Protein chains: 2
Amino acid sequence: MGSRWGINRTVGQIYALIFVAPKPLHADDIADALEFSRSNVSIGLKELQAWRLVKLKHLAGDRREYFEAPQDVWEIFKSLAEEKRRREVEPTLSMLRAALVETPGSEADAHAQKRMQQMHELIDLSSTWFDDVQRLSPETIARLMRMGSSVKTVLDMTDKLKVVTGRKTKSN
Amino acid sequence: MGSRWGINRTVGQIYALIFVAPKPLHADDIADALEFSRSNVSIGLKELQAWRLVKLKHLAGDRREYFEAPQDVWEIFKSLAEEKRRREVEPTLSMLRAALVETPGSEADAHAQKRMQQMHELIDLSSTWFDDVQRLSPETIARLMRMGSSVKTVLDMTDKLKVVTGRKTKSN
DNA sequence: TTGAGTTTTCAGCAATTACTGAAAATTAAG
DNA sequence: CTTAATTTTCAGTAATTGCTGAAAACTCAA
């Protein structure tokens, strides 16, 4: 289920187990529950740590390493998005930028650059936007989301207000 | 580059070529340009059609099938999101729902359900929201995005207005 | 209806990715 | 320092996924 987030099946299973568990787990718990080899679990946990999806906990009087998932699901979502951005989005943007500074050698090249420019703009805009939104309080985000498409009405209303009071709109 | 959208390397390359090309291409063009076997290209194109990322075009006086990418990048983004939703998000939500109607057999089960409930809410909320936003005009979306986090100010302002005029807010 | 041009299918091979067990490394208590 | 508990590494193997060429199927013009 949902192995399309850049992590593979087993790592996903390990994460799911940690996510639903009522208390932190250690590697043997996991290997035991899922019937994976101990080494497989070790690698999986490393990967989950790299994605910052699990937190390492040391329990008093126990040398073993315990892992747990953040309690707040929105937190999880943010980590995932951040890592995905760092690993995939940013490298893509860099490559596009590199291609855009080349001098086009033909009509076709020039056209390709135009297309890459469009793609760059879209990706850049979305990721910057996501970054911004991420910084809002969870409540504000929830409010924004619950509004759905009626956000348009609010934007329109705001524009009108600004016109009336003689202020310039931010957009355009 | 960006093979994490659920399509593999070769399919990605095929798409990139079609995307930047100034005019529609046919399968042999692609096989030739990328040095893939004809069958590989055929399969790749099938997949791109399934994702609705390329459009089939029949050119007059030529029996071959030509393919091109939508001109509007936002269109591309929407197709991708829609398909991803249909293929990954919806099945995930169904599985979560199925797990949520089970009667928990233990404390641990009950806790697991609580967690799954949280996850379901988050995913459901985000995907419904995306659906809603998708229906806005490209300009409205662009405006919303360019606003970034200052959208909060607008929401706050709106709330105030509603209080003054005695109307209930939509949120909460 | 035939056949040339074109696309699709698929069995077999290649490449990649994932998993295991055993051994090595690390860690902390005694 | 030693030792036992624990984690990590890694070579070998298993499983999965991707690619190819050849043959089959399709399609349209004549």
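Chain letters run A, B, ... following the sequence lines, proteins first, then strands; residues in each count from 1. None of the values given here were measured: they were computed from a predicted structure.
Atom CD1 of B:I30 is separated from atom P of D:dC19 by 14 Å (rounded to the nearest Å). Between A:R63 atom CZ and D:dT7 atom P there is a gap of 9 Å when expressed in whole angstrom units. One interatomic measurement links the two molecules: CG of B:D62 to C1' of D:dA29, which rounds to 14 Å at whole-angstrom precision. Distance, A:D32 CG to D:dT7 P: 14 Å, rounded to whole Å. The CD-P distance, from A:E47 to D:dT7, rounds to 18 Å in whole Å. Taking atom CD1 on B:I7 and atom C1' on D:dG18, their separation rounds to 14 Å, with Å as the unit. As a whole-Å value, the separation of B:N40 CG from D:dT17 C1' is 12 Å. Whole-Å rounding puts the B:E65 CD to D:dT27 P distance at 9 Å.
Geometrically, A:R87 engages A:W51 in a cation-pi contact defined by less than 6.0 Å to the ring centre and at most 45° from the axis.
Put simply, A:R38 has a side-chain N or O that comes within less than 4.0 Å of OP1 or OP2 on D:dT7. OP1 or OP2 of D:dT8 lies within a sub-4.0 Å distance of a side-chain N or O belonging to A:S42.
Between B:F130 and B:F77, the two ring planes are tilted [angle within 30° to 60°].
Heavy-atom nearest nucleotides on DNA chain C were determined for A:V11 and for A:H58, and the one closer to the 5' end corresponds to A:V11. Mapped onto DNA chain C by nearest heavy atom, B:S39 and B:R64 fall at different nucleotides, with B:R64 at the one closer to the 5' end.
Partner B:R52 forms a salt bridge (Lys or Arg N to Asp or Glu O under 4.0 Å) with one of B:E82, B:E75, B:E47 and no other, that one being B:E82.
For DNA chain C, the span of nucleotides reached by chain A at under 4.0 Å from its heavy atoms goes, 5' to 3', from C:dA18 to C:dA28.
Atom CZ of A:F67 sits about 4.5 Å away from atom CG of A:L45, to the nearest 0.5 Å. Here the CD1 atom belonging to B:I123 is positioned 5.5 Å from the CE atom belonging to B:M119, to the nearest 0.5 angstrom.
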Practice problem: Walk me through it: do A:E121 and A:Q117 pass the test side chain to side chain donor-acceptor pair (under 3.5 Å)? | Solution: CA-CA 6 Å; A:E121 258 165 40; A:Q117 170 76 45; 3.0 Å; yes
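Taking 4.0 Å as the cut-off between side-chain N and carboxylate O, B:D132 and A:R146 do not count as a salt-bridged pair.
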